[in-house]
Amino acid sequence: MTTGKSYPLLGVITDLARDMPPAERFGQLLATIRQVLPCDACALLQLRGDELIPMAVDGLSIDTLGRHFVIEDHPRLARILLNPEPVRFAADSPLPDPYDGLLHAVEGDLHVHDCLGIALYLQGVPWGVLTLDALNANAFDRVDPGQLRYLARLSEAVIRVTELTSQLQSRTEHHQAMTRALVADGQQELIGRSRAMTQLQQEIDMVARSDLAVLITGETGVGKELVARRVHALSNRAQAPLIYLNCAALPENLVESELFGHTRGAFSGAMQSRLGKFELAHGGTLFLDEVGELPLTVQPKLLRALQSGEVQRLGSDSHHQVDVRIIAASNRDLQREVAEGRFRADLYHRLGVYPIAVPNLRERHKDVLLLAGHFLEQNRRRLGLRGLRLDASAREALLTYPWPGNVRELEHLISRAVLKAQTGQDGSRRLLTLTAGLLDLQGIPALARPDKLVMPVHPPATEQPADEQTLREATDEFQVQLIRHTLARYDNNQSRAAQALGIDRGNFSRLIKRLGV
């Protein structure tokens, strides 16, 4: 790198006055670095807790953005982070490279290449690292360490201005602190950079600071609970508890006790007094998951608690005042449930003061690859593997599949494929590659409309079958197919499947036993 070649980087600094998202600004920085340095890939990673999180990559596969690099698992990144001077690794370094198999330029394992890294600081505090990789083992021979330090200062300036801009856009210091705390928790992070996810993040940020009731809707597996946790973590109630209640998992006779509590002897089996979820959530948030499954008999009592802020334990004459924010979630069309008399209209309007629709995975385009990278890294750590990657056929398969099960289906799919790839392989291999064949998406039945039940259509027989069926046999066969499809749709939840089919829960249980489903 020569002094003359520094001008494109100065152009990045000059361009900082423009209003642009942090990801775009960081991406512009990396693209400019690749213009002035002989590298095939570079990445900017931010330190969050004990992990380095990719903020932007150039020359690496897009799924890299979904990965969290735990520092203790990646000695090269640890060495870069702990060294105030630029670090270059020898071509024969025994330390595993976190980017092996992730460079766009190649599909196979990388055995020899040149790599270096620079630790970045803001006000003397470690912020993260900038990494540079090249396929040519001698690519960085002529790069002056002093020029790399200059590059580090320029990068830190970009980061500093970006963070200042973000802080100016934040409305309160509390919101900023909670955002950092939330993102540091990988289990609560919403991964995605699509337009649909950007809009979702904006809606969450807007409503979180209020006390409005939030109704989260979306298909099964889109991450409604994750959205609820993020709303709570960004709210003024973040230091108070978030209490969770799955309304679909409770017998009808226990729902009221779970919500409002009971006294000793209030009913058979009540051996001691117990607080309900409302009282446990006092000062915080109560998350009612699958709220559409609440029995009609309980809905008026829930409505009264929401209207008055008072709850009454079963078996008690006393009322208790509670201060609770309600977040509810449902994969049902509650407006249709109201129209068909299965859900109270007044309760629906009380819960849905601010509705949030979580986009399905089909609407999120390349977010599929970011999420896949995230799940690959999770599996790599859990199984103690040295590296996991997707080949071109796997990426194409992931992008074209319709994802009826959304993010949860993707997570399970990746886990299965990793186990298949690991079977029969030598544990000393540097890298395991997932192919479209290992993903086996062709073997998974995809519903064209995940919100509708799709039954197979058989053409009418032109000739009398050799083995004739009685009406009872044909009816049983149809019922078996219908029940299996419905159970699959509702994750084998028999209560929900029975309700969807309009059958009493007890009768449904007896029917599936008779049919041997």
Do the side-chain N and O atoms of [X] and [Y] include a donor-acceptor pair separated by under 3.5 angstrom?
{"X": "D367", "Y": "S194", "result": "yes"}
{"X": "Q481", "Y": "H485", "result": "no"}
{"X": "Q299", "Y": "Y348", "result": "no"}

Give a yes or no answer on whether the side chain of [X] reaches the backbone of [Y] with a donor-acceptor pair at less than 3.5 Å.
{"X": "R362", "Y": "W403", "result": "yes"}
{"X": "D391", "Y": "S393", "result": "yes"}
{"X": "H262", "Y": "L314", "result": "no"}
{"X": "K224", "Y": "E219", "result": "yes"}
{"X": "R209", "Y": "D205", "result": "yes"}
{"X": "T423", "Y": "L419", "result": "yes"}
{"X": "Q312", "Y": "S318", "result": "no"}
{"X": "W127", "Y": "I159", "result": "no"}

Under the ring pair (Phe, Tyr, Trp, His ring centres under 6.0 Å) rule, collect the residues that match up with Y244, sequence neighbours excluded. F287

Non-neighbouring partners of F278 that pass ring pair (Phe, Tyr, Trp, His ring centres under 6.0 Å), sequence neighbours left out: F260

Pairing residues for [X] by the side chain to side chain donor-acceptor pair (under 3.5 Å) criterion, not counting sequence neighbours:
{"X": "D333", "result": "none"}
{"X": "Q307", "result": "none"}
{"X": "R304", "result": "none"}
{"X": "E72", "result": "none"}

Is the shortest side-chain N to carboxylate O distance from [X] to [Y] below 4.0 Å?
{"X": "E377", "Y": "R380", "answer": "yes"}
{"X": "R386", "Y": "D73", "answer": "no"}
{"X": "R389", "Y": "D63", "answer": "no"}

Does A240 have any side-chain contact (heavy atoms from CB on, under 4.5 Å) partners at least two apart in sequence or in another chain, and if so, which? none

With sequence neighbours left out, what residues match E290 under side-chain contact (heavy atoms from CB on, under 4.5 Å)?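 Testing E290 for side-chain contact (heavy atoms from CB on, under 4.5 Å), a comparison that skips the adjacent residues, returns N246, A248, E293, N331, R496.
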
Please check if atom CD in Q199 has more than 12 non-hydrogen atoms from other residues, nucleotides or ligands closer than 6.0 Å.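 No, CD of Q199 has 12 or fewer neighbouring heavy atoms, counting only those of other groups under 6.0 Å.
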
Salt bridge (charged side-chain N to carboxylate O under 4.0 Å, His left out) pairs touching residues 240-251, sequence neighbours excluded, are none

Residue pairs involving residues 307-320 (criterion salt bridge (charged side-chain N to carboxylate O under 4.0 Å, His left out); sequence neighbours excluded):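 Listed by first then second residue: E279-R313.
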
When you look at I71 and L47, which way does the side-chain contact (heavy atoms from CB on, under 4.5 Å) test go after all the steps? CA-CA 9 Å; I71 298 169; L47 177 64; 3.4 Å; yes

For L399 and K366, which heavy atoms make the closest approach, and how far apart are they? CD2-CA, 4.0 Å

Name all residues meeting the salt bridge (Lys or Arg N to Asp or Glu O under 4.0 Å) criterion together with R274; count only those two or more places apart in sequence or in a different chain, and write none if there are none. E258

With D289, which residues qualify under salt bridge (Lys or Arg N to Asp or Glu O under 4.0 Å), at least two apart? none

